[in-house]
*Asks:* 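Before I ask anything, here is the structure I am working with.
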Amino acid sequence: PFYITPKPAVPRAWIMYPPQPSPGDPQYSAILAMQYLGAQDLGKAKTIMEPAYQKRPDSPELALDYCRVLLASKDMEGVMRVAQPFYKLQKYEFAQFLGEAAQALGRYGEAVGYYKDFLVSQGTNINVLNAIGECYVKIGDIPQALTAWKKSLELAPKQDGLRAKIAELEKKVPVRK
């Protein structure tokens, strides 16, 4: 793979070619699995990614890619199983995956905790703010849901669906200003 930077301070596009792993390397399999994932071929992606991860279960890079495949495959328990050990090591890049899995499993309070850890460590993310709002609605904490969604709208105003959700909630629950 190669990467191109969109930085305006660089006079022209800067291209970086990281060394390509050998075909027997689990990282090589991960690259291939991510291509299948991008093509929406979840079966092949999982078939290739699972053994790659099992060869090096202590690799955060492989675990992140495996979590992507598991999440796309809707294997939420699998996401929890793979991501938890890294999260416990304060690898908070796994927190969004754990939040999404916990939310899908109906564990909304737990999901909010993961999402908040993600925001603190990785920075603001509109999708995570919106997911926090959804979780708070499910828990029944409307003021917190409105706070998360309003912050999201403040950062990305072109979210008409979210604006409608906020208006609907504000009709149901009077909000103090």
Side-chain angles (χ1 to χ4, degrees), residues 1-105 107 110-135 148 151-152 155-156 158-159 162:
F2 66 92
Y3 306 97
I4 301 175
T5 180
K7 297 274 185 207
V10 179
R12 56 183 120 139
W14 181 71
I15 301 173
M16 177 183 89
Y17 295 92
Q20 185 76 346
S22 66
D25 189 311
Q27 195 61 46
Y28 184 87
S29 297
I31 292 168
L32 187 58
M34 291 301 99
Q35 291 174 352
Y36 280 116
L37 181 62
Q40 302 299 310
D41 190 341
L42 300 178
K44 279 204 174 202
K46 192 170 184 180
T47 300
I48 294 169
M49 193 63 230
E50 188 169 12
Y53 165 74
Q54 289 174 348
K55 283 182 184 176
R56 261 199 251 146
D58 59 336
S59 166
E61 295 82 13
L62 292 173
L64 281 169
D65 286 344
Y66 192 33
C67 283
R68 287 182 182 92
V69 171
L70 293 170
L71 197 62
S73 303
K74 308 241 184 285
D75 182 356
M76 303 307 164
E77 291 293 344
V79 172
M80 300 296 279
R81 184 182 64 254
V82 171
Q84 274 290 346
F86 292 96
Y87 178 80
K88 288 177 182 173
L89 296 172
Q90 297 183 345
K91 300 251 181 224
Y92 293 120
E93 59 266 35
F94 288 88
Q96 183 177 4
F97 291 116
L98 288 166
E100 289 181 38
Q103 184 176 2
L105 293 168
R107 296 165 16 194
E110 185 179 340
V112 168
Y114 290 131
Y115 286 141
K116 285 184 174 183
D117 282 346
F118 179 85
L119 291 175
V120 167
S121 68
Q122 304 296 312
T124 304
N125 180 303
I126 302 303
N127 294 330
V128 172
L129 283 171
N130 292 343
I132 288 172
E134 292 290 341
C135 289
K151 182 64 176 175
S152 176
L155 297 169
K158 293 182 180 181
Q159 299 182 74
L162 185 61

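Along the sequence shown, residues are numbered consecutively beginning with 1.
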*Asks:* Under a 4.5 Å cut-off applied to non-hydrogen side-chain atoms, are L64 and K91 in contact?
*Replies:*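 No, every pair of side-chain atoms sits at 4.5 Å or beyond.
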*Asks:* Only counting residues at least two apart or in another chain, list the ones meeting side-chain hydrogen bond (donor to acceptor under 3.5 Å, both in side chains) with D117.
*Replies:* Y87
*Asks:* Drop me the distance from M49's CE to Q54's CD, to the nearest 0.5 angstrom.
*Replies:* 10.0 Å
*Asks:* Who pairs with D25 by side-chain hydrogen bond (donor to acceptor under 3.5 Å, both in side chains), at least two apart in sequence or on another chain?
*Replies:* R56
*Asks:* Go through the steps to decide whether K44 and L32 satisfy the test side chain to side chain contact (heavy atoms under 4.5 Å, CB included), and finish with yes or no.
*Replies:* CA-CA 9 Å; K44 279 204 174 202; L32 187 58; over 6 Å; no
*Asks:* If you round to the nearest 0.5 Å, how far is CG of D65 from OG of S59?
*Replies:* 8.5 Å
*Asks:* Please enumerate all residues that pass side chain to side chain contact (heavy atoms under 4.5 Å, CB included) together with A45, with sequence neighbours excluded.
*Replies:*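 Only Y36, L37, V69 meet the side chain to side chain contact (heavy atoms under 4.5 Å, CB included) criterion with A45.
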*Asks:* Can you check whether Q35 reaches D41 side chain to side chain, under 4.5 Å on heavy atoms?
*Replies:* no
*Asks:* When rounded to the nearest 0.5 angstrom, what is the spacing between OG in S22 and OH in Y28?
*Replies:*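 Atom-to-atom, S22:OG and Y28:OH are 9.5 Å apart.
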*Asks:* How far does CZ of F94 sit from NZ of K88, to the nearest 0.5 angstrom?
*Replies:* 13.5 Å
*Asks:* What distance do K55 atom NZ and L62 atom CG have between them, rounded to the nearest 0.5 Å?
*Replies:*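 CG of L62 is found 10.5 Å from NZ of K55.
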*Asks:* Suppose we screen for salt bridge (charged side-chain N to carboxylate O under 4.0 Å, His left out). Which residues come up paired with R81, at least two apart in sequence or across chains?
*Replies:* none
*Asks:* What are the two closest non-hydrogen atoms of F86 and P57, and how far apart are they?
*Replies:* CZ-O, 3.2 Å
*Asks:* P60 and D58: which non-hydrogen atoms are nearest, and at how many Å?
*Replies:*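 Nearest heavy atoms, P60 then D58: CD-O, 3.2 Å.
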*Asks:* Which pair of non-hydrogen atoms, one from A33 and one from I48, has the smallest distance, and what is that distance?
*Replies:* CB-CG2, 4.0 Å
*Asks:* Could you state the interatomic distance from NZ (K116) to SG (C135), rounded to the nearest 0.5 Å?
*Replies:* 10.5 Å
*Asks:* Identify each donor-acceptor pair in which a side-chain atom of residues 95-104 lies under 3.5 Å from a protein atom, sequence neighbours left out, and give them as a table.
*Replies:*
from, atom 1, to, atom 2, distance (Å)
Q96, NE2, E100, OE2, 3.2
Q103, OE1, Y115, OH, 2.7

*Asks:* Can you check side chain to side chain contact (heavy atoms under 4.5 Å, CB included) on D75 and K46, steps first, answer last?
*Replies:* CA-CA 11 Å; D75 182 356; K46 192 170 184 180; 3.6 Å; yes
*Asks:* Of the non-hydrogen atoms in Y92 and F118, which two are nearest, and what is the gap between them?
*Replies:* O-CD1, 3.7 Å
*Asks:* Sort and list the pairs that fulfil side chain to side chain donor-acceptor pair (under 3.5 Å) and have at least one residue in residues 118-135, not counting sequence neighbours.
*Replies:* N130-S152, N130-Q159, E134-K165
